[in-house]
Amino acid sequence: MKRVRRAYENLFRGLLEGLGARRVEQGVQRLFAQAASLAQRESLSLTRALVRVNEELWRKRRRMQRRSAGAPADELPPRLFLCDGGLGGLARWLRAAGHRAVWLASVSDKELLEQAVEEQATVLTTDSTLLERRLVRDGQVPLLWLPPLLKLEEQLALVVEHFALRAGEPRCMDCGGELRAVAKETVRDRIPPRTYRWLDDYYLCDHCDRLFWRGSHWRNIRRRLPTQLTDR
Ligand SMILES: [Zn+2]
């Protein structure tokens, strides 16, 4: 809990600074008190309550950013997510939900943050020490720290809520490329005969040429996505 607490202290500090708060340390204490009372009120673990308080703070910050950018939410350019080594599964699911996500299996913290600056990307990480990096604390690199031990679905739900993501057209889970529909006759030799008989919709990845179809695997994935993502 001590590490989690420290991670949130850093996170809150950075967010409060970004919001222009004057008494940052007092603000951090107030947020912890809020989380504690929320935990008690709704019988949550303190970690869960901290997640919720943090989300609320992010929402506030997003509203502020939108106001200052003068653009409504849906005109903001789509986010690029950089997922660190432990989050390969999350990257795949974000793509299935139509988002741009890159999995960086083995880069140093420094490289990860530099790439995020260069590509104006958002970092997703389970490494709480990244919250202490200057680029993150200054708000130059938007970063969401995911508490360790979350299940894949919980990670995805957290990211979706945090950034208010909507479902887009599914992308290739392997590489994030765009999918385009193909006539099934042209890819017949790549489809199991039984599937070929009952299914008509097939998609090729523009980038890596992997073939997808909306069979049971596809439906399973979509079903397991948070509700915001399955509206369409
Ligand atoms: Zn692909």
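These values consider heavy atoms only, across backbone and side chains, with no hydrogens, waters or symmetry-generated copies. Position 1 is the first residue of the sequence; numbering continues from there. Computed from a prediction, not measured in an experiment: that's the story for all the values here.
- A donor-acceptor contact shorter than 3.5 Å is absent between the side chain of R48 and the backbone of A39.
- Judged as a salt bridge (charged side-chain N to carboxylate O under 4.0 Å, His left out), and not counting sequence neighbours, R100 has no contacts.
- Residue L94 holds its CG atom at 10.5 Å from CG of L80, rounded to the nearest 0.5 Å.
- Sorted by first and then second residue, the side-chain hydrogen bond (donor to acceptor under 3.5 Å, both in side chains) pairs involving residues 127-145 (not counting sequence neighbours) are R3-S128, N10-E132, D127-T129, R134-D138.
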For residues 107-117, tabulate all N or O donor-acceptor pairs below 3.5 Å that involve a side-chain atom, not counting sequence neighbours.
from: S108; atom 1: OG; to: E111; atom 2: N; distance (Å): 3.1
from: S108; atom 1: OG; to: E111; atom 2: OE1; distance (Å): 3.3
from: K110; atom 1: NZ; to: E114; atom 2: OE2; distance (Å): 3.1
from: E111; atom 1: OE1; to: S108; atom 2: N; distance (Å): 2.9
from: Q115; atom 1: NE2; to: E119; atom 2: OE2; distance (Å): 3.0

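- Contact annotation: the side chain of L44 never approaches that of V51 to less than 4.5 Å [non-hydrogen atoms, C-beta and beyond].
- Among pairs with a residue in residues 27-45, those fulfilling side-chain hydrogen bond (donor to acceptor under 3.5 Å, both in side chains) read E42-R52, at least two apart in sequence or across chains.
- A centroid separation of 6.0 Å or more is found between the aromatic rings of F32 and Y8.
- At distances below 3.5 Å, at least one donor-acceptor pair connects side-chain atoms of R171 with backbone N or O atoms of G176.
- Salt bridge R13/E17: absent, no basic N to carboxylate O contact under 4.0 Å.
- Residues P192 and W213 come closest through the heavy atom pair CD-CH2, 3.6 Å.
- Sorted by first and then second residue, the ring pair (Phe, Tyr, Trp, His ring centres under 6.0 Å) pairs with a member in residues 115-134 form an empty list; sequence neighbours excluded.
- Applying the side-chain hydrogen bond (donor to acceptor under 3.5 Å, both in side chains) test to residues at least two apart or on different chains, the pairs with a partner in residues 179-188 are R180-D206, K184-D200.
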*When you look at V141 and L130, which way does the side chain to side chain contact (heavy atoms under 4.5 Å, CB included) test go after all the steps?*
CA-CA 10 Å; V141 173; L130 278 178; over 6 Å; no

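- Put simply, the residue from D84, L82, L131 that forms a side-chain contact (heavy atoms from CB on, under 4.5 Å) with L143 is L131.
- Between L50 and A35, the closest heavy-atom pair is CD2-CB, 3.7 Å.
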